[in-house]
Amino acid sequence: RKSGDLLSMLRGTATGLSPERILLEGLDRRSTIALVRDRGGGGAAGAALGHRLFEELHGHPGAILDQITALITAGWMVTTLEGDLRPTRSIDELREAPLPVSDHIRDSTTHRLSALPLAARAILEVLVVLNMEGTAALMGRLTELDPGTVSRGVGVLLEEGMVTSRMEG
């Protein structure tokens with residue numbers, strides 16, 4: 001089966017049933033900081049990074065480990081001879097600067113975007129450029145797509161969980 005078929009089954013859209021979902025909960029703040037420290041991120045920098053990764057990644061261990069790898073790959077942190085991680089950026093940058101994107105996230109996002117039909121991708125690009133919500137009529141004008149194609153494109157984006165929709169009035 002195609003991955004889209006599997007996603008439809010897991011979400012219940014293919015069967016009409018609402019499947020029970022089992023979620024992996026994230027680590028708490030203290031455990032997230034401990035994970036960063038276990039990977040070699042010590043001192044104030046390790047604590048600052050642990051706080052940030054807890055906030056941004058909700059304590060999900062896999063995402064935290066991916067982000068640490070991305071920081072090393074991008075040169076934000078280097079491994080010392082003792083095996084510890086030493087930041088090459090200031091603590092303020094570790095707290096606030098945009099972090100490098102992990103290969104896992106980049107590859108996953110690229111795959112999801114490239115799998116979209118052209119109309120759905122065009123609508124998503126318009127929403128990203130606008131950086132705000134828009135009506136179907138506005139999407140149609142900006143993408144030069146007919147209303148039926150816009151509706152199908154929005155439907156794909158809704159099914160993929162890339163956008164949400166709300167009614168006004």
Side-chain angles (χ1 to χ4, degrees), residues 2-8 10-11 21-134 138-139 142-143 153-154 156-166:
K2 293 192 287 185
S3 63
D5 294 341
L6 180 59
L7 286 174
S8 295
L10 292 173
R11 291 182 180 143
R21 295 178 186 220
I22 301 169
L23 300 172
L24 171 65
E25 294 293 327
L27 302 172
D28 61 25
R29 184 180 307 273
R30 228 174 81 215
S31 298
T32 300
I33 294 167
L35 178 59
V36 171
R37 291 189 189 287
D38 285 348
R39 292 295 181 244
L49 184 60
H51 281 279
R52 179 169 184 181
L53 295 181
F54 171 77
E55 292 296 327
E56 292 188 11
L57 303 175
H58 312 289
H60 292 286
I64 291 166
L65 296 175
D66 279 348
Q67 187 60 63
I68 292 170
T69 300
L71 290 164
I72 294 167
T73 302
W76 282 51
M77 302 190 94
V78 294
T79 306
T80 66
L81 293 175
E82 297 80 26
D84 295 328
L85 293 175
R86 184 180 51 79
T88 61
R89 305 286 179 112
S90 71
I91 290 179
D92 286 338
E93 286 178 293
L94 289 174
R95 283 187 182 126
E96 298 173 13
L99 296 175
V101 178
S102 75
D103 289 341
H104 175 78
I105 297 294
R106 182 181 294 107
D107 293 345
S108 172
T109 302
T110 299
H111 176 73
R112 284 185 73 200
L113 294 175
S114 65
L116 288 174
L118 292 176
R121 196 173 327 150
I123 293 164
L124 187 61
E125 287 174 1
V126 166
L127 288 168
V128 168
V129 169
L130 288 177
N131 194 28
M132 59 183 244
E133 63 187 35
L138 177 63
M139 294 302 107
L142 294 175
T143 60
V154 169
V156 168
L157 295 172
L158 286 167
E159 188 174 298
E160 290 297 320
M162 294 181 171
V163 298
T164 57
S165 176
R166 65 181 176 88

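Side-chain atoms are counted along with the backbone in the values below, which use heavy atoms only and exclude waters and symmetry mates. Please read all numbers here as calculations on a predicted model, not as lab measurements.
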_Taking the side chain as everything from C-beta on, heavy atoms only, tell me whether Arg29 gets closer than 4.5 Å to Glu55._
yes
*asked:* Less than 4.5 Å apart, side chain to side chain, heavy atoms only: is that true for Leu94 and Trp76?
replied: yes
*Mark yes when over 12 heavy atoms from residues, nucleotides or ligands other than His60 sit less than 6.0 Å from its NE2; otherwise mark no.*
yes
*Look only at the side chain of Thr143 and the backbone of Ile123, and say whether a donor-acceptor pair between them is shorter than 3.5 Å.*
no
*Can you tell me how far CG of Leu116 sits from NE2 of His111, rounded to the nearest 0.5 angstrom?*
10.0 Å
*Given side chains that start at C-beta, do those of Leu85 and Ile68 come closer than 4.5 Å, heavy atoms only?*
yes
_The criterion is side-chain contact (heavy atoms from CB on, under 4.5 Å); which residues satisfy it with Thr69, sequence neighbours excluded?_
Thr73
*Would you check if Leu138 and Leu130 make a side-chain contact, meaning some heavy-atom pair closer than 4.5 Å?*
yes
_How close do Ser102 and Ala70 get, counting heavy atoms only, and between which atoms?_
CA-CB, 3.6 Å
*Leu124 and Leu113: side chain to side chain contact (heavy atoms under 4.5 Å, CB included), yes or no, with the steps?*
CA-CA 9 Å; Leu124 187 61; Leu113 294 175; 3.5 Å; yes
*Got a sec: does the CZ of Arg30 have more than 12 other heavy atoms crowding it under 6.0 Å?*
no
*Contact summary for Ala47 and Arg37, nearest pair of heavy atoms*: CB-NH2, 3.4 Å
*Short question: side chain of Glu159, backbone of Val154 - any donor-acceptor pair under 3.5 Å?*
no
*Specify the closest pair of heavy atoms between Pro100 and Leu71, including all atoms of both residues, with the distance to one decimal.*
CD-CD2, 3.7 Å
*How about Met162 and Val156: do any of their side-chain heavy atoms sit closer than 4.5 Å?*
no
*Determine whether Gln67 and Glu56 make a side-chain contact, defined as any pair of heavy atoms from C-beta on separated by less than 4.5 Å.*
no
*Leu99 vs Arg52 side-chain heavy atoms within contact, under 4.5 Å*: yes
*Quick check: does any side chain N or O of Arg39 sit under 3.5 Å from a backbone N or O of Ile64, one acting as donor and the other as acceptor?*
no
